[in-house]
There are 4 protein chains.
Amino acid sequence: MRNYKRSPLMEERLAANRQRILDAARTLVARGGLREAQIGAVAAEAGLSSGAIYRYFPSKAELFVDVLTEAVRQEIEILDAIAAGPGTATQRLTLAVESFVRRALRGPNLAYAFIAEPAEAEVDAARIRCRMMFGDVFKRLLKEGIAAGEFPAQNVDASAACIVGAYTEALVGPIAPATRSTRSQDRLIESVRDFCVRAVGVSAPITPTARTRKSAAKG
Amino acid sequence: MRNYKRSPLMEERLAANRQRILDAARTLVARGGLREAQIGAVAAEAGLSSGAIYRYFPSKAELFVDVLTEAVRQEIEILDAIAAGPGTATQRLTLAVESFVRRALRGPNLAYAFIAEPAEAEVDAARIRCRMMFGDVFKRLLKEGIAAGEFPAQNVDASAACIVGAYTEALVGPIAPATRSTRSQDRLIESVRDFCVRAVGVSAPITPTARTRKSAAKG
Amino acid sequence: MRNYKRSPLMEERLAANRQRILDAARTLVARGGLREAQIGAVAAEAGLSSGAIYRYFPSKAELFVDVLTEAVRQEIEILDAIAAGPGTATQRLTLAVESFVRRALRGPNLAYAFIAEPAEAEVDAARIRCRMMFGDVFKRLLKEGIAAGEFPAQNVDASAACIVGAYTEALVGPIAPATRSTRSQDRLIESVRDFCVRAVGVSAPITPTARTRKSAAKG
Amino acid sequence: MRNYKRSPLMEERLAANRQRILDAARTLVARGGLREAQIGAVAAEAGLSSGAIYRYFPSKAELFVDVLTEAVRQEIEILDAIAAGPGTATQRLTLAVESFVRRALRGPNLAYAFIAEPAEAEVDAARIRCRMMFGDVFKRLLKEGIAAGEFPAQNVDASAACIVGAYTEALVGPIAPATRSTRSQDRLIESVRDFCVRAVGVSAPITPTARTRKSAAKG
DNA sequence: CATGAATGAGAATTCATTCAT
DNA sequence: TATGAATGAATTCTCATTCAT
């Protein structure tokens, strides 16, 4: 508790340890869900002792809140970049959904655990907050599109939530097994994307060419 | 030896107990997720001892499989009735989604359990089966609508999953707190319904009047 | 508790029930050991309810004490008859051991459970008493044989216990699997018999012919 | 990461704890059989928490397998040394039995566990193995004695089992209470020893003097 | 600061025994 | 008297958290 002689070197080391713990937790959740991510296992994966975890996080719940928050922040940043980018609202929505879905398919278990798996109340609350953050991105896009006359008037809260729910189900639900060919994954992504775009009221969804996708969507 | 006292009265009492256990489990899951629904808590909620639970269900896992199955069977029946009823595919899809959403907003929020923790393998398997059952109803409707020229060609598996996911999220997600006015609930229901109908490619979703609704949709 | 109108018919019926319970318990112990012989299982096997067991026996422990005692009494009677019968001490010891071993091999699991398997303290105490009863038969024979000059002087308590222990091990121990040919069982019986007879000091054990055996040993 | 504190001191402490657990289990089994030796009781006897047991042993069954194995290994080593030592087969058999019996009479009455309840399958299997190991020592001695013409031809499997059974009964049976004078213990030991030696066919068992015993038998 | 052994509060499940019907 | 549903204490094992080294 007393800050005696905390050199920059030590500071760095501590930050590195903290990150290692977060990474370890994330890895384990992705591998086997929260159920498998016990403190002891996280510590082992991080190359630390279980006691050490409590130097960096006050409890298991707070650790996983941080893991979740960190994981989601990256996604949000990417979505925000797309939403703030060039193009019509329709184009940006299309890209955003596609990017979101595509990235989620890469680490399905992490997405699964954090989107769907309940945990302690604290973690659960964080999960809800994260879903809201995702929804907000889409909500902003919807508002813009409606203002621009691209989409019909609608309950943007509901539509945003529906978008998040739609791809979540399509990804973690029964039709989304982990072992799929790239091609079939592509088709799934496109299907979900088109579903969402149609849902907001675009009668003829655009289908970006590969080139368009490459240049605009990083995810 | 002789069935001295296997009276209809007792028979009734047993059935009532079984139902009380199922209801208690359902209530607890709705309240705090599977995590909070321990055998002891379920027993207390049902007004029985924990040992008694095992007279009616061989294990915790099987109890919750039954809870899920029972809850879902009711919904599926109603959805099936609507899907098999009169009207265009568009009309029936509209009604089905609306009915589904409306019912879920009532009563304990069991929908939550559908995306809940993978818990024991047995429960998880049941969860997946249930989601697929829901999806199948919508899938059939979609196929009919496409055949009838009402909806554009699309990946019906993905679209069905998206519909299930969309309303699930809208119900259990951040925008669906239990304490809302009837009016705002109605608006939410209509928003989700319209989202889904648009999503399958109907450019101008119908908005059934209250009278139409009353006469056709029971949920 | 009050003896109101206990007809002879009822009396008979109660005795029959009691015996059925004892038989059921014995059967179950023989089948799977005390571990498998729960009150509920005994009741089912006896065609009664578990509550009924407590009309006839005050507790599980006392039931099994009775089962044990009854099972052992039969054996003791047979052994006593042999011991009190004709022939030299050596001949009678030979027959007694052989009879004992032979009968035990018929229901190996019952013998096993009651000779070897510990249980509640009460049952355990009864088990000890039974072993002593067996030992006493041999002890008497030993004393007679020593008095007659057939056996050398020895600690008859120890020798009697050793005889009981010797065949117990040979029967329930690793070399006594249940599935054996009659012939190999016969050889085992003879080996144990000869071991015991030699052990008490008979230098050249007799080997009774089949005829001798048939006529003298009932077991 | 770095093994900061894996000091020899801690290493020692862990080994001591492990041994304390084994000793505690052994004590409890000797006192009241496997039935009384629950994890909680073992932990208390060892001065640890029940959770700590699982740091040293993966399950209750494996703990007791280890208890049995450890107890038996010591005995087998001593018996083997005697069997491989100098002297005629008769002399060595005499010493082996005596040593075995003598040691069993000391210390906690673990011999009991050798005929104890089939408990978990794992423990049971270990129990059978241990009995066979004891039997094998005697079997080898018997074979040598027969080859040397000291003992008559006989079923060495049965005889070996009988020897193990004889002293087991004499030790754990009704005639062997723990509270006896040294003198009466000595007499019991000699009686059992002579019984076994006679049993394998030695007509005039030797009775080693105290001096012979001291010099040859350590147990 | 790091370690990991130890803790101990649960959690699911079993089963002898009781008691209302 | 017989029934068998209900009880609840007991048991094994888990794992987040603490703390002596």
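Within every chain, numbering begins at 1; the chains are lettered A, B, ... in the order of the sequence lines, protein sequences first and strands thereafter.
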Next on the checklist: Closer than 4.0 angstrom, basic N to acidic O: yes or no for D:D66 and D:R26?
Outcome noted: no
Checklist entry - Can A:F64 and A:V42 be said to form a side chain to side chain contact (heavy atoms under 4.5 Å, CB included), step by step? => result CA-CA 11 Å; A:F64 282 101; A:V42 172; 4.3 Å; yes
Item to check | Close side-chain approach of A:R31 to A:L28, heavy-atom, < 4.5 Å | outcome: yes
Checklist entry - In whole angstrom, what separates D:F64's CZ from F:dC13's P? => result 11 Å
Next on the checklist: What I'd like to find out is whether the side chain of D:Q19 reaches to under 4.5 Å of the side chain of D:E70, using heavy atoms alone.
Outcome noted: yes
Next on the checklist: What is the separation between atom CZ on C:R18 and atom P on F:dT1, rounded to the nearest whole Å?
Outcome noted: 15 Å
Item to check | Sub-4.0 Å heavy-atom contacts from residues 50-58 of chain D onto DNA chain E, ordered by number | outcome: D:G51, D:A52, D:R55, D:Y56
Checklist entry - When you measure from the side chain of B:M10, which nucleotide among E:dT3, E:dA16, F:dA5 comes out closest? => result F:dA5
Next on the checklist: Whole angstroms only, please: what is the CD-P distance between D:E12 and E:dA5?
Outcome noted: 15 Å
Item to check | Rounded distance in Å - CZ (B:R13) to P (F:dA6) | outcome: 7 Å
Next on the checklist: Judged by each residue's nearest nucleotide on DNA chain F, which is more toward the 5′ side, B:L48 or D:A37?
Outcome noted: B:L48
Item to check | Residue whose nearest DNA chain E nucleotide is more 5′ - D:N17 or B:S59 | outcome: D:N17
Item to check | Between F:dT1 (P) and C:L14 (CG): distance, integer Å | outcome: 7 Å
Next on the checklist: Within the 4.0 Å heavy-atom criterion, would you say D:I39 contacts the bases, only the backbone, or no part of the nucleic acid?
Outcome noted: sugar-phosphate
Item to check | Among F:dA16, E:dA6, E:dT17, the one nearest A:K60 by side-chain distance | outcome: F:dA16
Item to check | Side chain to side chain, B:L22 and B:L63, heavy atoms closer than 4.5 Å | outcome: yes
Checklist entry - Under a 4.5 Å cut-off applied to non-hydrogen side-chain atoms, are A:V67 and A:V29 in contact? => result no
Checklist entry - Just the dot-bracket of DNA chain F, please: which string comes out with Watson-Crick or G-U pairs under 3.5 Å, [ ] for crossing, | for another strand? => result .||||||||||||||||||||
Checklist outcome for this item: Across all chains, not counting sequence neighbours, the side chain to side chain donor-acceptor pair (under 3.5 Å) partners of B:E62 are none
Next on the checklist: Minimum heavy-atom separation for D:E45 and D:T27, please, with both atom names.
Outcome noted: OE2-CG2, 4.0 Å
Next on the checklist: Quick check: do D:V65 and D:F57 have side-chain heavy atoms less than 4.5 Å from each other?
Outcome noted: no
Next on the checklist: Is D:S49 close enough to E:dT7 that one of its side-chain N or O atoms is under 4.0 Å from OP1 or OP2 there?
Outcome noted: yes
Next on the checklist: Please report the distance, rounded to the nearest Å, between CG in B:L28 and P in E:dA11.
Outcome noted: 13 Å
Checklist entry - C:R35 CZ to E:dT14 P: how many Å, rounded? => result 13 Å
Checklist entry - Can you tell me how far P of E:dA11 sits from CG of B:L63, to the nearest Å? => result 16 Å
